[in-house]
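Everything numeric here is computed off the predicted structure, so don't read it as measured data.
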Amino acid sequence: MKQLTAFIKKELLEQLRSGKAIILGAVCCLFGIMNPAIAKLLPWLLEMMSEQLAESGMYITEVKVDALDSWTQFFKNMPILLIVFIVMSSSILTEEYQKGTLVNVITKGMKRWKILVSKLLIMFVFWTVGYLMDFGITYGYNAYFWDNDIALNLLFAVFGYYLVGLWLISVVLLASVVLKSSSGVMLSVGAAFAVSYLLGFLPAFQEYVPTCILRSNELLIGALHSNQCFGAVGITFFLTMLNGFLSVLFFDKKRIGVV
């Protein structure tokens, strides 16, 4: 247990020293402020552009915004946040391969599964904290300016993106065990997401692929009910656990340096 705790502290310090934690926190805070700000400024922006649009034959009527517009912006920004997080996490193991630091750690008696667990926990914690920051700031501003009750299935929609983030983290870990470059890890994550997205077009898989729970716009207006996504939630949990299990299994057999 002492080894695991020490390695987790090491990983945490590395994330802080590299500046990744600060960058992630800044991006999450920025998005949290931007979501309601863009919605609040939308009528003003359209009014500023009304003359130019009128010349093109487009006339702007009175525009009313509410919390739903802000939450729509929240989910529009979420793919960007996921990409930023995946790019930052893609080198969590590959840098260790390149520097050869894992050899010394393992030869000193550190169990391999503890290495993976510590790295997985760090990614989970940073994703959770960053996501909660983005959500909390947006929720607070929306509650101040409008009423969050207008957004249906809000907590489930928010949970959906969080869960998909955990699934993609597990893909990062598995790809990092198998591959030696961060670019390969990012391509693997992109491929996993693309497969899920494409399978979503097939009626037989539509309600079971992880990307099903990313249909936030439909959830917020009630066009899609949360119980229609329960199958996708179960599959996503299963895939996340499976990726973690396979990561430990493959890493235990992986030849690292001379070990």
Salt bridge (Lys or Arg N to Asp or Glu O under 4.0 Å) contacts in which one or both residues fall within residues 197-212, not counting sequence neighbours: none
Passing candidate, side chain to side chain contact (heavy atoms under 4.5 Å, CB included) with Val172, options Asn243, Val189, Leu93: Val189
Hey, could you give me the [atom1]/[atom2] distance between [X] and [Y], rounded to the nearest 0.5 Å?
X: Leu152; Y: Ile221; atom1: CG; atom2: CD1; result: 9.0 Å
X: Leu68; Y: Asn148; atom1: CG; atom2: CG; result: 10.5 Å
X: Ser176; Y: Phe251; atom1: OG; atom2: CZ; result: 10.0 Å
X: Leu179; Y: Met186; atom1: CG; atom2: CE; result: 11.5 Å
X: Ser118; Y: Leu12; atom1: OG; atom2: CG; result: 11.0 Å
X: Leu199; Y: Tyr208; atom1: CG; atom2: OH; result: 13.5 Å

Do Tyr197 and Phe201 make the cut of ring centroids closer than 6.0 angstrom? yes
Tell me if the aromatic rings of Phe124 and Trp127 count as close, with their centers under 6.0 Å from one another. no
Could you tell me whether the side chains of Ser196 and Thr211 share a donor-acceptor contact shorter than 3.5 Å? yes
Tell me yes or no: between the side chains of Ser91 and Lys20, is some donor less than 3.5 Å from an acceptor? yes
Applying ring-ring contact (aromatic ring centres under 6.0 Å, His included), name anything that partners Phe250, two or more places apart in sequence or on another chain. none
Please enumerate all residues that pass ring-ring contact (aromatic ring centres under 6.0 Å, His included) together with Tyr139, with sequence neighbours excluded. Phe135
Asn142 versus Phe74: any side-chain heavy-atom pair under 4.5 Å? no
